[in-house]
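The structure appears right after this line, and notes come after that.
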There are 2 protein chains.
Amino acid sequence: MERTESNLNSCLPRIRSSFNDLTKTEQKTATYILENPSEVIHMTITELAEAAKNAEATVFRLCKKLGFSGYQELKIALAGDLYTPLESVYKEVSPSDSIKSMMNKIFFGINEGLQDTLKIVDEEAIEKAIQAITATRRIDVYASGGSAIIASDIEHRFMRFGISVRAYSDPHLQIASATLLQPGDLVIAVSHTGANRDVLDAVTMAKSNHVTTIAITSYIRSPLSQIADIALHGMGREINYRSEAMASRLVHLAIVDVLYIGSLLRQQDKIIENMNKVRKSIAKRKI
Amino acid sequence: MERTESNLNSCLPRIRSSFNDLTKTEQKTATYILENPSEVIHMTITELAEAAKNAEATVFRLCKKLGFSGYQELKIALAGDLYTPLESVYKEVSPSDSIKSMMNKIFFGINEGLQDTLKIVDEEAIEKAIQAITATRRIDVYASGGSAIIASDIEHRFMRFGISVRAYSDPHLQIASATLLQPGDLVIAVSHTGANRDVLDAVTMAKSNHVTTIAITSYIRSPLSQIADIALHGMGREINYRSEAMASRLVHLAIVDVLYIGSLLRQQDKIIENMNKVRKSIAKRKI
DNA sequence: TATATAAATGAAAATATTTTTCAATAATTA
DNA sequence: TAATTATTGAAAAATATTTTCATTTATATA
């Protein structure tokens with residue numbers, strides 16, 4: 001999926017999110033920028049190239065790859081980043097931390113992930129996703145491993161709309177469901193890495209059936225983002241303690257919230273009726 | 001290129017304070033910048049000169065006069081001025097909101113929930129919960145509805161510890177599992193309201209089997225919090241659009257992260273402790 | 001008011017920076 | 001291994017910037 005040029009408002013999160021897709025020399029430059037952002041905003045492309053020990057052309061290609069129109073745009077975005085208070089303090093959790101301190105760091109990391117997501121969000125893609133959701137009668141959700149709970153959440157949430165929503169974490173069921181989909185149906189695929197083979201296969205199958213596909217991943221240039229019709233990214237900077245894609249799943253859930261509320265607002269009348277029904281039934285089970 | 005010592009974070013204020021000292025044409029340019037800052041950061045000096053209807057040299061002189069080393073420095077400073085931090089006023093999401101604005105509000109609401117949780121957190125309870133988790137060999141997790149995904153997440157996460165963890169969202173299975181639990185086992189019950197009858201029944205049954213119980217809810221005085229041995233609360237202030245416990249489930253997941261990382265760190269302690277024991281035993285043998 | 005002086009301005013030249021192109025090299029695939 | 005593709009940097013081309021300088025405009029003074 002291609003990116004729009006309209007929302008280029010942040011540089012560092014973008015670099016982090018795309019880092020693995022960069023070439024070796026590009027990574028050298030990217031690292032230099034990540035480590036010396038406040039120097040870079042005063043440097044010419046020639047100076048940066050020299051500092052990062054490669055050619056101007058490489059720096060320029062990096063700019064393009066990150067979605068900027070050129071070096072100037074990157075610098076402008078970087079300057080904006082530098083006044084983010086969040087950029088500053090990020091620490092690793094250590095065994096000697098108090099409970100309070102540990103919680104502080106974990107919660108702060110989550111919030112950072114949310115903030116970064118806000119910066120790199122492709123509003124147009126969110127808009128398209130919401131439109132796709134409000135237009136469909138059936139949603140199949142594919143995910144596995146840690147992302148399976150995101151899929152369950154999507155199932156649980158959108159079910160209230162009265163749409164048929166089903167989450168599949170089993171690869172065979174994913175393919176089976178994808179095979180049976182028809183134009184007008186919708187697939188949402190969730191994967192932290194965006195490189196899960198089973199999910200990719202299922203999405204490919206769905207696409208061959210002319211089904212609209214939405215991807216939710218943490219990496220902009222992941223294979224899943226590439227093949228999906230609509231790609232959404234949560235920038236989940238991770239707490240560095242044996243992180244198991246921790247913050248990212250919270251960020252992905254937050255994106256689900258956005259899709260949910262967005263869809264709700266788009267088709268209030270139809271849905272609110274259903275939701276009230278559901279809420280009343282549930283209330284009976286409560287003391 | 002020459003370095004500047006100029007303070008970056010002050011282009012617009014600097015223009016305002018120097019405005020009266022500027023010449024007529026300089027003021028024309030200054031006015032244009034004041035009125036279109038977000039355009040200017042993407043313009044070349046030639047474009048700005050044309051837009052403000054005067055020569056490049058004038059624009060350049062303005063830059064110098066304002067204390068910048070050149071046009072680039074002015075733009076960088078301007079980009080810094082322009083950075084708008086996350087909306088601090090929390091409002092309800094409305095259908096007329098843009099995608100960006102909606103996301104801002106939702107993400108901000110989540111962060112507020114996290115911050116509030118930090119404020120009211122019972123560190124002692126967290127500590128006890130972590131101890132209970134690291135001490136047990138079996139965890140059964142009860143939840144239903146929207147909280148079921150929290151339960152799945154707990155299952156998925158703590159499984160990696162090598163403990164037997166099983167999440168039950170089905171009321172019958174919850175009761176069945178609670179009936180079979182034995183002292184030393186652990187129950188974690190998750191419920192947003194803390195008033196789900198089935199979960200309450202299962203927890204009561206578990207307690208009658210002398211099993212330690214941990215509750216994760218959003219309400220301190222909920223029935224579930226009252227009967228559980230250890231009660232954890234996520235303050236999930238909700239986004240006010242027909243919220244179905246939205247932010248709260250993210251906050252609850254964040255609490256799970258805290259328990260997970262906390263347990264991980266404690267186990268590390270335990271390993272070091274064991275190593276010390278071994279070393280001491282060896283020392284004794286040397287007497 | 002006319003004139004001298006200083007300040008302001010823009011056109012164009014001189015620099016500097018940026019993009020683009022392209023050939024060489026490295027990596028990958030068949 | 002050969003063929004193909006991707007990566008890279010040097011250099012050219014295109015743009016952008018700063019500087020210079022002649023001209024214009026304003027200001028002060030006789």
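Each chain gets a letter, A, B and so on, in the order its sequence line appears, and its residues count up from 1.
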| field | By salt bridge (Lys or Arg N to Asp or Glu O under 4.0 Å) - contacts of A/K28 (at least two apart) | value |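 A/K28: no salt bridge (Lys or Arg N to Asp or Glu O under 4.0 Å) contacts found.
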With sequence neighbours left out, write down each residue that passes side-chain contact (heavy atoms from CB on, under 4.5 Å) with [X], or none if nothing qualifies.
X	result
A/A176	none
A/F60	A/I45, A/K64
B/A167	B/V141, B/A151, B/E155

| field | side-chain hydrogen bond (donor to acceptor under 3.5 Å, both in side chains) pairs, two or more places apart, involving residues 141-152 of chain A | value |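 For residues 141-152 of chain A, and leaving out neighbouring residues, the side-chain hydrogen bond (donor to acceptor under 3.5 Å, both in side chains) pairs sorted by first residue read A/Y142-A/S177, A/S144-A/N196.
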| task | Just grab all the side-chain hydrogen bond (donor to acceptor under 3.5 Å, both in side chains) pairs involving residues 46-58 of chain B, residues at least two apart or on different chains. | result |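 Matches after skipping sequence neighbours: B/T29-B/N54, B/T46-B/E56.
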| Sidechain-backbone polar pair: A/K128 side chain, A/E123 backbone, donor-acceptor under 3.5 Å |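 Side chain of A/K128 to backbone of A/E123: no pair is present.
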| Heavy-atom contact window of chain A on DNA chain D, given 5' to 3' at under 4.0 Å |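 Listed 5' to 3', the contact boundaries are D/dT7 to D/dA10.
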| Given atom NZ of A/K64 and atom P of C/dT19, what is their separation to the nearest angstrom? |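 Atom-to-atom, A/K64 to C/dT19, this comes out as 8 Å.
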| task | Quick one: list whatever passes ring pair (Phe, Tyr, Trp, His ring centres under 6.0 Å) with A/Y71, sequence neighbours left out. | result |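 None.
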| query | Could you run down nucleotides 5-11 of chain C 5' to 3' and tag each one B, S or - for protein heavy-atom contact under 4.0 Å? | reply | ---SBBB
| message | For a quick check of understanding: with a heavy-atom distance under 4.0 Å over all strands, which category does B/Y71 fall into, base, sugar-phosphate or nothing? | response |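 B/Y71: backbone/sugar contact only, no base atoms under 4.0 Å.
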